[in-house]
Every structure is written in C-alpha cells, then in structure tokens.
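What follows is one structure encoded as structure tokens, with my remarks underneath.
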Amino acid sequence: MMNADEMQAIADTLMRVVTPDMAPKQLIKAARKEHPNASKKDIARAAFFSIIANAEADHGKARNLQAFAIAERIDGTA
C-alpha cells in the first residue's frame, strides 16, 4: 500500500495530465510515466483523493477524474 506522500504525488500528476477526452488507459499510462511502480488500484485511489482535494478548485478535472475512478472501481480492475 502506498503512503500519503506517494498518494499526493500521484494525485498531483493526475490533476496535471487529465484531459476531458482522455481514456482510462491513457490516464494510467500517463501516471505510470512518473510513477512506474503505481498499480491501477493506487492510481484509482489517488484519483478519488484528488477529487476530494481539488473539487472546488477545478470542477472539470475533478469530474474527469471521478469518471475514471468510478469506472476503475466498478470494472473491478483497480
């Protein structure tokens, strides 16, 4: 399991790289460029963390991360 600093780092990366048209696989690939040891589950958790931390600051990115995180959790691949 990742520690809080790792989660924050991945969450920061997700907020920086997410775009409205980005597919979940693209988001995972982008996150793993900077965090090669992160699992899909780690990235999904960091996405939820980022949603909570950034929802008021950037609604669009938070919404995109929410769609990704929920899809990963429902899909069972996270």
Side-chain angles (χ1 to χ4, degrees):
M1 176 153 311
M2 69 181 146
N3 66 36
D5 290 337
E6 292 168 324
M7 185 178 301
Q8 181 65 56
I10 295 170
D12 290 345
T13 298
L14 293 174
M15 281 300 290
R16 191 175 65 255
V17 302
V18 69
T19 62
D21 58 341
M22 187 173 263
K25 286 184 180 183
Q26 291 173 308
L27 188 56
I28 291 168
K29 184 176 179 181
R32 284 188 173 155
K33 277 186 179 181
E34 294 185 38
H35 310 280
N37 296 324
S39 68
K40 286 169 81 175
K41 184 178 270 188
D42 290 340
I43 295 167
R45 284 184 181 140
F48 277 116
F49 175 81
S50 187
I51 293 162
I52 294 165
N54 298 293
E56 291 184 20
D58 194 329
H59 298 289
K61 287 186 177 187
R63 220 178 355 249
N64 295 336
L65 288 175
Q66 180 182 27
F68 161 74
I70 290 171
E72 285 302 305
R73 299 304 290 175
I74 290 172
D75 190 21
T77 60

Met2 CE to Arg45 CZ distance, which is reported to the nearest 0.5 Å: 6.5 Å
Closest contact, heavy atoms only, Ile70 versus Phe48: N-CZ, 4.0 Å
Counterpart residues, side-chain hydrogen bond (donor to acceptor under 3.5 Å, both in side chains), relative to Asn3 (two or more places apart): none
Distance in Å, Glu34 CD paired with Leu14 CG, rounded so as to fall on 0.5 Å steps: 9.5 Å
Closest non-hydrogen atom pair between Ala46 and Ala11, with its separation: O-CB, 3.6 Å
Which atom of Ala23 lies closest to which atom of Gln26, heavy atoms considered: N-OE1, 2.7 Å
Which atom of Arg32 lies closest to which atom of Ala38, heavy atoms considered: NE-O, 2.9 Å
CG on Leu65 to CD1 on Ile52, rounded to 0.5 Å: 11.5 Å
Flag, side chain of Asp42 to backbone of Ser39, donor-acceptor distance under 3.5 Å: yes
Distance, nearest 0.5 Å, that separates NZ of Lys61 from CZ of Arg16: 9.0 Å
Test side-chain contact (heavy atoms from CB on, under 4.5 Å) applied to Met22 and Asn64, step by step: CA-CA 8 Å; Met22 187 173 263; Asn64 295 336; over 6 Å; no
Euclidean distance, Ile43 CD1 relative to Met7 CE, rounded to 0.5 Å: 12.0 Å
Separation of His35 NE2 from Asp12 CG (nearest 0.5 Å): 8.0 Å
Check: Ile28 and Glu72 side chains under 4.5 Å, non-hydrogen atoms: yes
Minimum heavy-atom distance Ala44-Ala69, with the two atoms named: O-CB, 4.1 Å
For the student: nearest non-hydrogen atoms of Ala31 and Thr13, plus distance: CA-CG2, 4.2 Å
